[in-house]
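Single-structure report; data block below.
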Protein chains: 2
Amino acid sequence: MYSSANVSERQVQPPSLAISTVIFALRPDAGSGRLEIWLPLVRRVRQPHLGKWALPGGPLGGRESLHDAAARNLRETTNLDPTYLEQLYAFGGLDRSATQRLVSIVYWALVRPDQADLAQESENVRWFRAAEAVGLAFDHDEIVAYALERLRGKIEYGSVAYHFLGERFTLAQLRGVYEAVLGRHLDPANFRRQLRSAKDISATDEVLQGGRNRPPRLYRYTGPDAGTPPREAPQASGSAEWPAPDAPP
Amino acid sequence: MYSSANVSERQVQPPSLAISTVIFALRPDAGSGRLEIWLPLVRRVRQPHLGKWALPGGPLGGRESLHDAAARNLRETTNLDPTYLEQLYAFGGLDRSATQRLVSIVYWALVRPDQADLAQESENVRWFRAAEAVGLAFDHDEIVAYALERLRGKIEYGSVAYHFLGERFTLAQLRGVYEAVLGRHLDPANFRRQLRSAKDISATDEVLQGGRNRPPRLYRYTGPDAGTPPREAPQASGSAEWPAPDAPP
DNA sequence: CATTGTTAGGGTCATGATGACTGTAACTCA
DNA sequence: TGAGTTACAGTCATCATGACCCTAACAATG
């Protein structure tokens, strides 16, 4: 599995370049109804790590940008378009793959739950709870952990949470997203107060009927890239509203 | 990993993979004495963008990790080791280079001023003020702007500022670093109060003599990676090898 | 129809971080 | 000896935050 031929090949051949994607969606737990983080994985159908689960990915095409490659990758796996797509990190350690020198540029994406339900599952594509996505191929355990860390970091000041939801949502739904990602309970009253001062979220004149309690008001996200496709690269996040974009540790 | 890939369709021409580095150092302005951000650039000695200034960079060697490649790159340019080195972003747009498809994984680094003074300058390597680093080759203008944005974002909550300074420093020096990076004046009293609550900075029992005012106390950074080389990103690092040809960008 | 349970949505209070500002100590230089 | 400058400590108002309480509005149950 680790022949000397492979080692000598590495000195000559340039490193292979691949794109992988960590795709997050939220699904309510059947019992408690609380939201949980899920992600799709694909089963390896060749060596190395044959049979193990891995992040969806593939080589970078010659006529597509990194962002487009990640989007295509995501479409081929879940058959759906993401509401958020951003570069995570470029992994290029020497020991990532035993058979070849591989550099993976990893993206992370958010999809809505209703879309995640429609996503195709098959023998080799299955959704897992993020907490149960361990024992993956290559270094994908660490990549998933790092993507979760980025997600948690970005939800606190960015506009990431809205991309888990549809166009209109209640504050309780939005709070459920925060609680699922941050993993802790949030006070409903304080949460409401904070989001009233956030100016890229506005209340509609509609309420959500059909519940068995007082009908909650529906809100809408009016900030940048509301319903538009996610933007490419690192243009200045401009507004000094909140701290700053984050980065690998 | 390439379960859903249509391989034959994509093997037209694999994109080239390069490593570039944005190297920051602070130098006092001759007149005012205020610190300013500088970075070294290299002149292009071949097409495209012949004669223009560009970020130091080169192809990724087959036996070095991304981090090691950036460190080697930096050593070859400034002849010095950085006190901080972190991945910035992977740039892979289709129109980055007119002659070839090029994917650049860019790192950013900090070096100390005394080291920056020792750095080698030559006909094709010169230091520029960050504000004057415009009109660069390829998309390096945007890369520098993004690196500056990252630097500003990281200095507010991270331990980045200390890497611009030596082991012992006064609070005024540290405040000068913050003012240079953030581009605004900071109140000395409030700055002192904030850094007393930051627990990875501790006062020594020494003061800095020789100034023409009251001698300020010297402090020391005691947080993670204090004097050690910067650690690799979210994964384990491998060992590096030395030689590698130099080629832009 | 009244009661009960549950959530929506409004408020209070103490605390801690922050920015603006004042005052005193310690040193050099003219 | 005094002027000028910086180090360093402290005060005050403001604001964001967490913890907590209260009322409104619905559905389900009796």
Side-chain angles (χ1 to χ4, degrees), chain A residues 28-29 31-35 152-153 155-158 161 165 168-220 239-244, chain B residues 28 31-35 152-153 155-158 161 165 168-180 182-220:
Chain A
D29 179 69
S32 66
R34 271 193 288 269
L35 292 175
R152 277 187 282 264
I155 206 176
E156 293 193 332
Y157 60 88
L165 300 169
R168 284 188 295 266
F169 49 86
T170 69
L171 289 187
Q173 290 171 337
L174 185 59
R175 181 167 50 88
V177 171
Y178 275 82
E179 290 181 340
V181 170
L182 298 177
R184 66 168 184 268
H185 174 75
L186 297 177
D187 184 82
N190 295 335
F191 185 80
R192 171 183 318 277
R193 180 181 55 191
Q194 269 185 297
L195 289 199
R196 259 207 313 256
S197 62
K199 266 318 170 197
D200 45 358
I201 178 176
S202 61
T204 69
D205 50 357
E206 309 170 74
V207 294
L208 178 62
Q209 302 286 357
R212 66 174 171 280
N213 298 314
R214 170 174 173 176
R217 183 170 296 275
L218 287 170
Y219 290 80
R220 182 186 295 133
S239 55
E241 33 177 333
W242 286 94
Chain B
S32 67
R34 270 195 288 270
L35 293 175
R152 277 186 283 264
I155 205 175
E156 293 195 330
Y157 60 88
L165 300 169
R168 282 188 293 266
F169 48 87
T170 69
L171 289 187
Q173 290 170 339
L174 184 60
R175 181 168 50 88
V177 171
Y178 275 82
E179 290 181 338
L182 298 177
R184 67 167 184 266
H185 173 75
L186 297 177
D187 184 83
N190 295 335
F191 185 80
R192 170 183 317 276
R193 180 180 54 190
Q194 268 184 300
L195 288 197
R196 260 207 313 256
S197 62
K199 266 320 170 196
D200 45 358
I201 178 177
S202 60
T204 68
D205 50 356
E206 310 171 72
V207 292
L208 178 62
Q209 302 286 359
R212 66 175 170 278
N213 299 315
R214 171 175 171 175
R217 182 169 296 275
L218 287 171
Y219 290 81
R220 181 186 296 134

Spacing between Glu206(A) atom CD and dA8(C) atom P, to the nearest angstrom: 17 Å
Whole-Å distance separating the CD atom of Gln173(B) from the P atom of dA7(D): 10 Å
Of Asn213(B) and Pro215(A), the one whose closest DNA chain D nucleotide lies more 5': Asn213(B)
Ile201(B) backbone acceptor or donor facing Arg220(B) side chain under 3.5 Å: no
Base dA19(D) paired with Asn190(A) side chain (donor-acceptor, <3.5 Å): yes
Ring-ring centroid check Phe191(A) Tyr178(A), cutoff 6.0 Å: yes
Spacing of Asp187(A) atom CG relative to dG10(C) atom P, expressed in whole Å: 14 Å
Nearest-angstrom distance from the residue atom CD of Gln209(A) to C1' of dT7(C): 14 Å
Test item: Glu179(B) side-chain N/O and Leu186(B) main-chain N/O as donor-acceptor pair under 3.5 Å: yes
Nearest-angstrom distance from the residue atom CG of Leu182(B) to C1' of dG19(C): 15 Å
Side chains of Tyr219(B) and Leu171(B) in contact at under 4.5 Å (non-hydrogen atoms): yes
Contact list for DNA chain C against residues 192-202 of chain B - heavy-atom distance below 4.0 Å: Arg193(B), Gln194(B)
For atom CG of Leu186(A) and atom C1' of dA16(D), their distance in whole Å: 16 Å
Under 3.5 Å donor-acceptor, Arg34(B) side chain and Ala180(B) backbone: no
Backbone N/O of Pro216(B) and side chain of Thr170(B): donor-acceptor pair under 3.5 Å: no
Options dA27(D), dT6(D), dG9(C), nucleotide nearest the side-chain atoms of Pro216(A): dG9(C)
Interatomic distance, Arg212(A) CZ vs dT3(C) C1' [rounded to whole Å]: 18 Å
Atom pair distance, as rounded to whole Å: CG in Leu171(A) and C1' in dG10(C): 13 Å
Sugar-phosphate, base or nothing in reach of Ala172(A), heavy atoms under 4.0 Å: sugar-phosphate
Pair of N/O donor and acceptor under 3.5 Å linking dA7(D) base with Arg214(B) side chain: yes
Donor-acceptor under 3.5 Å (Ser32(A) side chain, Asp29(A) main chain): no
